[in-house]
Peer 1: 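Structure incoming, see below.
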Amino acid sequence: MGVQVILCMVLVGLFMVMVRAKVPAMMVFGDSSVDAGNNNYIETVARSNFQPYGRDFVGGKATGRFSNGRIATDFLSEAFGIKPYVPPYLDPNHNISHFATGVTFASAATGYDNATSDVLSVIPLWKQLEYYKGFQKKLRVYVGESRANETFAKALHIISLGTNDFLENYFAIPGRASEYTPREYQNFLAGIAEKFIYKLYGLGARKISLGGLPPMGCLPLERTTNFIGGNECVPRYNTIALEFNDKLSKLTTRLNKDLPHIRLVFSNPYDIFLQIIHKPSQYGFQVASMACCATGMFEMGYSCSRASSFSCIDASRYVFWDSFHPTEKTNGIIAKYLVKNSLAQFLH
Ligand SMILES: *[C@@H]1O[C@H](CO)[C@@H](O)[C@H](O)[C@H]1NC(C)=O
Ligand SMILES: *[C@@H]1O[C@H](CO)[C@@H](O)[C@H](O)[C@H]1NC(C)=O
Ligand SMILES: *[C@@H]1O[C@H](CO)[C@@H](O)[C@H](O)[C@H]1NC(C)=O
């Protein structure tokens, strides 16, 4: 090895250490957008720990991530110089020494609303917070109370959910729609988000990213069933995503004023996601209207089916992996955008 190479490695190492000091860990809460496999350890059908899921993941492993490879939080963790994968809290193969630098409590198919997590019997948001409290106890024992407290204050807490409240619950099954208008339901959910942030703050969190909704009317599942609209994006669902995002954005502004020393950012994937869907070729994609997995099938489910032998050859040409979830490539583009546009302040 040349001197330059070694010097370069030392500099890269130093840079990683400097970055890591700013954000030493990532604590993740939410749904399938950020679940790395917690649902493998509970009784639910909302799972993806089978092929072809994970076929482009390291070792071709179907970890329970709803993608062909990594999900956005994996890319974010890497961008912050921490580690390339954020492990699921319920995985018995991981212990506190791994979780100390990042862990996800997320559960696919969950929502802000308890009634959403009930649909497929997944982990509700309040339970994810209970897990986080348990994790805090373990970390205090493992590294000592003051270092643990410092970790909670410096760690980036990521909240990413809400799509299922609308698509899996409000618009899919009777119940909430008879109690609330869409706008009232949005306020109900935003109220839960606010309480959740207060609770995280009470547990010592100071850096929090609140995720916005994607253009959910453009998910292949919604397009496939949009017969009248010629299989285009469903405008009504996109409008609701925009309205809800606006509420979350205002909530962010307000809580930054109300909670001393909090740094809360609104991480909004909507615009970049819609741009990718409208102009896929600009991002190196060929297909945005259908999913890679089960291409050509009338795919109605939450995940692509075990039995389906139809999946595209090269997922990197597709925006969507299954009818509800982006490919690894899309996840990477969105994560990069979020780092640049909302999370960059935590790098410095
Ligand atoms: C965690 O697991 C690793 C093996 O993956 C082991 O070396 C380490 O001692 C364990 N740490 C704790 C705190 O249990
Ligand atoms: C959800 O359920 C938990 C546990 O039963 C409860 O504490 C919480 O208040 C519920 N949330 C809402 C918004 O009803
Ligand atoms: C750690 O945080 C807890 C809860 O906020 C607090 O009660 C405790 O005094 C803190 N301990 C240290 C050593 O900072």
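Indexing begins at 1, ligand by ligand and atom by atom, following the structure's order.
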Peer 1: Specify the protein heavy atom at minimum distance from atom 13 (C) of ligand 1: its residue, its atom name, and the distance to 0.1 Å.
Peer 2: Tyr142 CE1, 3.7 Å

Peer 1: Return the residue, atom name and 0.1 Å-rounded distance of the protein heavy atom closest to atom 14 (O) of ligand 3.
Peer 2: Asn149 ND2, 3.0 Å

Peer 1: Kindly indicate, with the supporting measurements, whether the criterion side-chain hydrogen bond (donor to acceptor under 3.5 Å, both in side chains) is fulfilled by Asn39 and Ser107.
Peer 2: CA-CA 6 Å; Asn39 280 13; Ser107 175; 2.6 Å; yes

Peer 1: I'd like to check which ligand 2 atoms, numbered from 1 as shown, lie under 4.0 Å from a non-hydrogen atom of Asn114.
Peer 2: 1 (C), 2 (O), 3 (C), 8 (C), 10 (C), 11 (N), 12 (C), 14 (O)

Peer 1: Assess the side chains of Ser249 and Thr252: does a donor N or O sit below 3.5 Å from an acceptor N or O?
Peer 2: no

Peer 1: Can you list everything that forms a side chain to side chain contact (heavy atoms under 4.5 Å, CB included) with Arg223? Sequence neighbours excluded, please.
Peer 2: Glu232, Cys233, Ile277, Ser289

Peer 1: Look up atom 5 (O) of ligand 1 and tell me if a protein heavy atom lies less than 4.0 Å from it?
Peer 2: yes

Peer 1: How about Cys312 and Cys293 - are their SG atoms less than 2.5 Å from one another?
Peer 2: no

Peer 1: Please list, in number order, the atoms of ligand 1 under 4.0 Å from a heavy atom of His98.
Peer 2: 2 (O), 5 (O)

Peer 1: Which heavy atom of the protein is the closest neighbour of atom 9 (O) of ligand 3, given with residue, atom name and distance?
Peer 2: Glu145 OE2, 3.8 Å

Peer 1: Listed by chain and number, what are the side chain to side chain contact (heavy atoms under 4.5 Å, CB included) partners of Asp91, not counting sequence neighbours?
Peer 2: Tyr41, Pro88, Asn93, His94

Peer 1: Indicate if Val234 and Phe273 have the same hydrophobic cluster label, given that clusters are the connected sets of ILVMFWY residues with side-chain heavy-atom separations under 4.5 angstrom.
Peer 2: yes

Peer 1: If you scan the protein for heavy atoms around atom 11 (N) of ligand 1, do you find one that is closer than 4.0 Å?
Peer 2: yes

Peer 1: Consider ligand 1: state whether an atom of it lies below 4.0 angstrom from any non-hydrogen atom of His94.
Peer 2: no

Peer 1: For atom 8 (C) of ligand 1, what's the nearest protein heavy-atom neighbour? Residue, atom name and distance, please.
Peer 2: Asn95 ND2, 3.8 Å

Peer 1: So, Thr110 versus Asp31: side-chain donor-acceptor pair below 3.5 Å or not?
Peer 2: no

Peer 1: Can you check whether Ser146 has an N/O within less than 3.5 Å of an N/O in ligand 3?
Peer 2: no

Peer 1: Considering all protein heavy atoms, does one lie under 4.0 Å from atom 2 (O) of ligand 2?
Peer 2: yes

Peer 1: We want to know whether Asn68 and Tyr318 form a side-chain donor-acceptor pair, criterion being a heavy-atom distance below 3.5 angstrom.
Peer 2: no

Peer 1: Please classify the Glu150 to ligand 3 contact at 4.0 Å (heavy-atom distances, strictly less than): side chain, backbone, both or neither.
Peer 2: neither

